[in-house]
There are 2 protein chains.
Amino acid sequence: MKGDILDTEIPEPIRKQCESKGGIKGIAKALPDKKKLEEQSQIFQALSDPLRLKIMLALVEQPLCVCLIKEMLGPKISDSKLSYHINILKDAGLIDGQRQASWIIYAPTKPGKEAVKVAGRL
Amino acid sequence: MKGDILDTEIPEPIRKQCESKGGIKGIAKALPDKKKLEEQSQIFQALSDPLRLKIMLALVEQPLCVCLIKEMLGPKISDSKLSYHINILKDAGLIDGQRQASWIIYAPTKPGKEAVKVAGRL
DNA sequence: GGACTATTTCAAGTTTATTTGAAATAACAT
DNA sequence: ATGTTATTTCAAATAAACTTGAAATAGTCC
């Protein structure tokens, strides 16, 4: 029945563990807020494509201009495609570009380096 | 002209730095292979949604059955939606479910814990 | 077995991400 | 100014991710 003393509604050990942490609401309240979650998940989103991850890993080794990133990825990739992906990394704050004469040289930001360091441990 | 001695084709300092690392090809060769990049980016992909990130952060604090995850997220979320997202985390190897009587209790795997630890640093 | 609860699966629709090719910008060299 | 190279932007097409509601499974309780 529904109206019973709700003992069996939830696994016992879990219920006790939850209560020692302020219950489900207590656990929920301790988590980052909506805005923070969105920021963090955007960073993960930027790294969620093998191509972009590869670009990040290369830039951590060595800052590069777009044409060298292109060479590193192989000749098949189009400029507009590459630019699209670079832009996603830039918007997420993981890389930053600096103009140098004809070229724009991209390098990882500090959070960019941090984020990539993790990948190695996964 | 195109046929010149190619000195100005690439920023000088970058070219030198690259060469000390085996050139662009040397840098590319030191990166993880296709399969590894796909695995790692799948993990980032799994964390690229605020809802899933929130679920992960909660499970790191406390393993929970689906109905408690649902309670934690608020009553509005549908069962099928929740199940969909849980499944993405499971497929990425970030969580693991264990049946206990009526319930399935999800807990982060070791890589799951590692991955979430990063989020805090971003 | 039959009713009930927890969870998953499925298919259809919607939204978001990605690719493509062409055109635009920006800097540099002549 | 013109031409050239590096890079970005745009719009249209394609593909992938996400949401929804209904139906299916699987376990528990009587």
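Lettering of chains follows the sequences in order, A, B, ..., and the numbering in each one begins at 1.
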Undergrad: What integer distance in Å separates B:Trp103:CH2 from C:dT8:P?
TA: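 One finds 15 Å between P of C:dT8 and CH2 of B:Trp103, rounded.
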Undergrad: Check step by step if side chain to side chain contact (heavy atoms under 4.5 Å, CB included) holds for A:Leu47 and B:Gln40.
TA: CA-CA 9 Å; A:Leu47 295 171; B:Gln40 292 177 342; over 6 Å; no
Undergrad: For a 4.5 angstrom cut-off between non-hydrogen side-chain atoms, does B:Asp49 reach B:Ile88?
TA: no
Undergrad: Do B:Val118 and A:Val116 sit in one hydrophobic cluster, given that two such residues count as connected whenever their side-chain heavy atoms are within less than 4.5 Å of each other, even indirectly?
TA: yes
Undergrad: What nucleotide, of D:dT7, D:dT9, C:dT7, holds the atom closest to the side chain of A:Asn87?
TA: D:dT9
Undergrad: Which parts of nucleotides 20-27 of chain C does protein reach within less than 4.0 Å, heavy atoms only, written one letter per nucleotide 5' to 3' as B for base, S for sugar-phosphate only and - for none?
TA: BBB----S
Undergrad: Near DNA chain D, counting only heavy atoms under 4.0 Å, which residues of residues 36-61 of chain A show up?
TA: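 Listed by number, there are none.
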Undergrad: Quick one: which protein N/O atoms are closer than 3.5 Å to N/O atoms of nucleotides 13-16 of chain C? Pair and distance per line, please.
TA:
none

Undergrad: Can you check the B:Ile86 CD1 to C:dA6 P distance for me, whole Å?
TA: 14 Å
Undergrad: Starting from P on D:dA26, measure out to CD1 on B:Ile105 and report it in whole angstrom.
TA: 19 Å
Undergrad: Testing B:Arg15, B:Lys16, B:Lys21 one by one against B:Glu19 for a salt bridge (charged side-chain N to carboxylate O under 4.0 Å, His left out), which residue passes?
TA: B:Arg15
Undergrad: Within this structure, what is the CD-to-C1' distance between A:Glu71 and D:dT7, rounded to whole angstrom?
TA: 16 Å
Undergrad: In sequence, state the C-alpha distance, the side-chain angles, and the governing distance for A:Arg52 and A:Met56, and then conclude on side chain to side chain contact (heavy atoms under 4.5 Å, CB included).
TA: CA-CA 6 Å; A:Arg52 290 196 293 266; A:Met56 279 306 295; 5.8 Å; no
Undergrad: I need the CD1-C1' distance between B:Ile88 and D:dA17, as an integer number of Å.
TA: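 In whole Å, D:dA17 C1' and B:Ile88 CD1 are 7 Å from each other.
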Undergrad: Run the salt bridge (Lys or Arg N to Asp or Glu O under 4.0 Å) test against A:Glu38 and tell me which residues pass, sequence neighbours left out.
TA: A:Lys34
Undergrad: Between CG of B:Leu122 and CD1 of A:Ile43, what distance do you get to the nearest 0.5 Å?
TA: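 Between atom CG of B:Leu122 and atom CD1 of A:Ile43 there are 4.5 Å.
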Undergrad: Can you give each donor-acceptor pair under 3.5 Å made by side-chain atoms of residues 64-84 of chain A, sequence neighbours left out, with the distance rounded to 0.1 Å?
TA:
from: A:Lys70; atom 1: NZ; to: A:Asp79; atom 2: OD1; distance (Å): 2.8
from: A:Ser78; atom 1: OG; to: A:Lys81; atom 2: N; distance (Å): 3.2

Undergrad: Quick check: does any side chain N or O of A:Thr109 sit under 3.5 Å from a backbone N or O of A:Leu94, one acting as donor and the other as acceptor?
TA: yes
Undergrad: I want to check one thing: is the phosphate of D:dA17, taken as OP1 and OP2, less than 4.0 Å away from some side-chain N or O of B:His85?
TA: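 False: B:His85 side-chain N/O out of range (4.0 Å or more) of D:dA17 OP1/OP2.
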Undergrad: Between B:Gln100 (CD) and C:dT5 (C1'), how many Å, whole number?
TA: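 Distance check: B:Gln100 CD to C:dT5 C1' gives 16 Å.
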Undergrad: With the 4.5 Å side-chain cut-off for hydrophobic clustering, are A:Leu53 and B:Ile24 part of the same group?
TA: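 Yes: a chain of side-chain contacts under 4.5 Å links A:Leu53 to B:Ile24.
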Undergrad: Residues two or more places apart in sequence or in another chain: which of them pass salt bridge (Lys or Arg N to Asp or Glu O under 4.0 Å) with B:Asp96?
TA: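 B:Asp96 satisfies salt bridge (Lys or Arg N to Asp or Glu O under 4.0 Å) with no other residue.
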Undergrad: So does B:Tyr106 get a side-chain nitrogen or oxygen closer than 4.0 Å to the phosphate oxygens (OP1/OP2) of C:dA6?
TA: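 Looking at the OP1 and OP2 atoms of C:dA6, neither is under 4.0 Å from any side-chain N or O of B:Tyr106.
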Undergrad: C:dT7 P sits how many Å from B:Ile95 CD1, rounded?
TA: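 Going from B:Ile95 (CD1) to C:dT7 (P), I get 12 Å.
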Undergrad: Rounded to the Å, how far apart are B:Leu82 CG and D:dT19 P?
TA: 11 Å
Undergrad: Treating Ile, Leu, Val, Met, Phe, Trp and Tyr as nodes and any side-chain heavy-atom pair under 4.5 angstrom as an edge, say whether B:Leu37 and B:Ile27 lie in one connected cluster.
TA: no
Undergrad: Side chain of A:Ile104 only, heavy atoms from C-beta on: which candidate in D:dC18, C:dT8, D:dT8 is closest?
TA: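 Nearest to the side-chain atoms of A:Ile104, counting from C-beta on, is D:dT8.
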